[in-house]
Amino acid sequence: MMELLDELVLRHIASFLDPEDVVRLRRTCRKMHAMLPEVVVTEDLWKGEDFYAVGPHRGPSPPELYFDGPILPSKVIKLEASIVWNDQGWGNRKGELIVRLMRPNCTGEPFQIAELWGLFDTAPHREMAANKEVDKDHPVIAKSKKDPKDIVCLRRTCRRMHTMLPEVVVAEDRWIGEDFIIFGPRGGHWAPEHYFDGPVLPGNVIKLESSVLWEDQGFGNRKGELFVHLMRPSRAGESLQIAEHRQLFGIAEHYEMKAQKVLGREDPIVAKSRKGDFYRFMRNAGGGGGHQLKVKNFRVKATLCEVKH
């Protein structure tokens, strides 16, 4: 079917594909190999200037711009970084480097797509070399993959594309967790237990919003938390954990309070989601004796992007 398309149309379709998908498509037949563009893997080296920065005397230190890399000509498949660094040499260690994936919006203003804190962890007291290879599944790399919105753009190019390509639908789903009071064990510290499983996802999640009214036992150490796992059924039928987000609302306070959290596509719990997955919500009162976790009105709203064939 595709080999019957015009060469210009095929090249336009290829511009929306990941490079490895273009390679596979070129291998399907001689005509595809001749018509589709060649995929070339190249390396680009960027260098940041040496610097010495001093943090403010009071309050938290907000991150500041170091430098912007060049505009990317294509998808990144590997990101390697190295440095020689150290902090002030005494006291608390807080120095770090951060990397953000930015993308211009329709008005040309850059907005953040993904973020990686602690690129080399935290700066040591003594000068030392550090190296980092960012995992290909991390959003700062994985976000360069084709997006459902690219299908929307491609469907708008002509009537034939609109007819041939699947429809992309953005929908919302809401889940409710039951109110509960749980008591932690006398021994240990970490005592996680199952709260509830969300429904099977009909498509990719693009935003996860949650809220709760909660508190702990009202005295002593604070240990109570809620967290969420992204789960995926395996071929054997068992569910595998794909990603985790600990302390969804931080740690429960000694008094009842409302908490809210919005997770976007910079978080692996959202970025790695796909059709057929589900979310598993967990809870922990904390061990050591006397710990409680009281939860009311736990609500989740998932914004999903479903491709309908």
Side-chain angles (χ1 to χ4, degrees), residues 112 114-115 117 139 169-234 238-306:
Q112 182 178 313
E115 183 178 53
W117 282 77
V169 178
V170 176
E172 294 181 351
D173 199 1
R174 298 173 187 268
W175 316 321
I176 298 176
E178 293 185 353
D179 297 349
F180 68 82
I181 300 177
I182 58 172
F183 301 85
R186 292 185 178 273
H189 167 73
W190 179 238
E193 60 180 69
H194 180 259
Y195 182 14
F196 74 95
D197 288 344
V200 175
L201 301 175
N204 297 342
V205 174
I206 55 179
K207 186 165 63 172
L208 199 64
E209 302 169 80
S210 53
S211 62
V212 73
L213 187 65
W214 71 335
E215 63 180 310
D216 68 2
Q217 68 283 348
F219 61 91
N221 292 331
R222 295 164 51 230
K223 297 183 179 181
E225 67 169 290
L226 295 171
F227 56 105
V228 58
H229 294 160
L230 176 65
M231 308 297 293
R232 183 169 299 157
S234 67
E238 297 181 356
S239 297
L240 305 176
Q241 180 181 314
I242 303 301
E244 179 185 54
H245 189 97
R246 287 283 306 277
Q247 298 184 11
L248 186 58
F249 306 104
I251 302 296
E253 295 284 354
H254 288 331
Y255 51 89
E256 185 176 81
M257 68 172 290
K258 185 175 182 179
Q260 298 178 319
K261 183 73 173 183
V262 178
L263 299 177
R265 300 182 66 184
E266 71 282 352
D267 195 292
I269 206 78
V270 173
K272 293 184 178 182
S273 68
R274 69 187 192 193
K275 182 177 180 180
D277 294 347
F278 67 92
Y279 287 111
R280 173 163 290 166
F281 295 90
M282 305 289 291
R283 58 194 183 187
N284 174 58
H291 290 281
Q292 300 177 26
L293 184 61
K294 309 171 187 178
V295 165
K296 300 177 185 176
N297 302 333
F298 182 70
R299 304 288 186 268
V300 181
K301 182 174 76 171
T303 305
L304 303 110
C305 187
E306 182 180 358

- Residues passing the ring pair (Phe, Tyr, Trp, His ring centres under 6.0 Å) test with Phe180, sequence neighbours excluded, are Tyr195

- Task: Report the residues that fulfil ring pair (Phe, Tyr, Trp, His ring centres under 6.0 Å) with His245, sequence neighbours left out, ordered by chain and then residue number.
- Result: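 His245: no ring pair (Phe, Tyr, Trp, His ring centres under 6.0 Å) contacts found.
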
- Item | Results of salt bridge (charged side-chain N to carboxylate O under 4.0 Å, His left out) for Glu115 - residues two or more places apart only | Arg100

- Which residues share a salt bridge (charged side-chain N to carboxylate O under 4.0 Å, His left out) with Asp267, sequence neighbours left out: none

- What pairs of residues pass the salt bridge (charged side-chain N to carboxylate O under 4.0 Å, His left out) test when at least one of them lies in residues 211-220, not counting sequence neighbours? none

- Can you list every salt bridge (charged side-chain N to carboxylate O under 4.0 Å, His left out) pair that touches residues 281-301, not counting sequence neighbours?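 Listed by first then second residue: Glu172-Lys301, Glu193-Arg283, Glu209-Lys301, Glu256-Lys296.
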
- Show the numbers, then the answer: is there a side-chain contact (heavy atoms from CB on, under 4.5 Å) between Val170 and Ile206? CA-CA 9 Å; Val170 176; Ile206 55 179; 4.2 Å; yes

- Looking at side-chain heavy atoms only, is the closest gap between Met282 and Arg280 below 4.5 Å? yes

- Task: State, yes or no, whether a side-chain contact exists between Ile269 and Val228 at a heavy-atom distance under 4.5 Å.
- Result: yes

- Between Phe281 and Trp175, how do the two ring planes meet: parallel, tilted or perpendicular, split at 30° and 60°?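 Judged by the thresholds at 30° and 60°, the geometry between Phe281 and Trp175 is perpendicular.
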
- Taking the six-membered ring for Trp, is the centroid-to-centroid distance between His229 and Phe227 below 6.0 Å? yes

- Message: Taking side-chain contact (heavy atoms from CB on, under 4.5 Å) as the criterion, tell me which of Leu208, Val300, Leu263 meets it with Leu248.
- Response: Leu263

- Task: Please confirm whether the backbone N or O of Asn297 pairs with a side-chain atom of Asp179, one donor and one acceptor, at under 3.5 Å?
- Result: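 At least one qualifying donor-acceptor pair exists.
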
- Item | Chi angles and distances behind the side-chain contact (heavy atoms from CB on, under 4.5 Å) call for Leu304, Leu201 | CA-CA 8 Å; Leu304 303 110; Leu201 301 175; 3.8 Å; yes

- Task: Locate the shortest heavy-atom distance separating Ile242 from Arg232; write the atom from each residue and the value.
- Result: CG1-CB, 3.6 Å

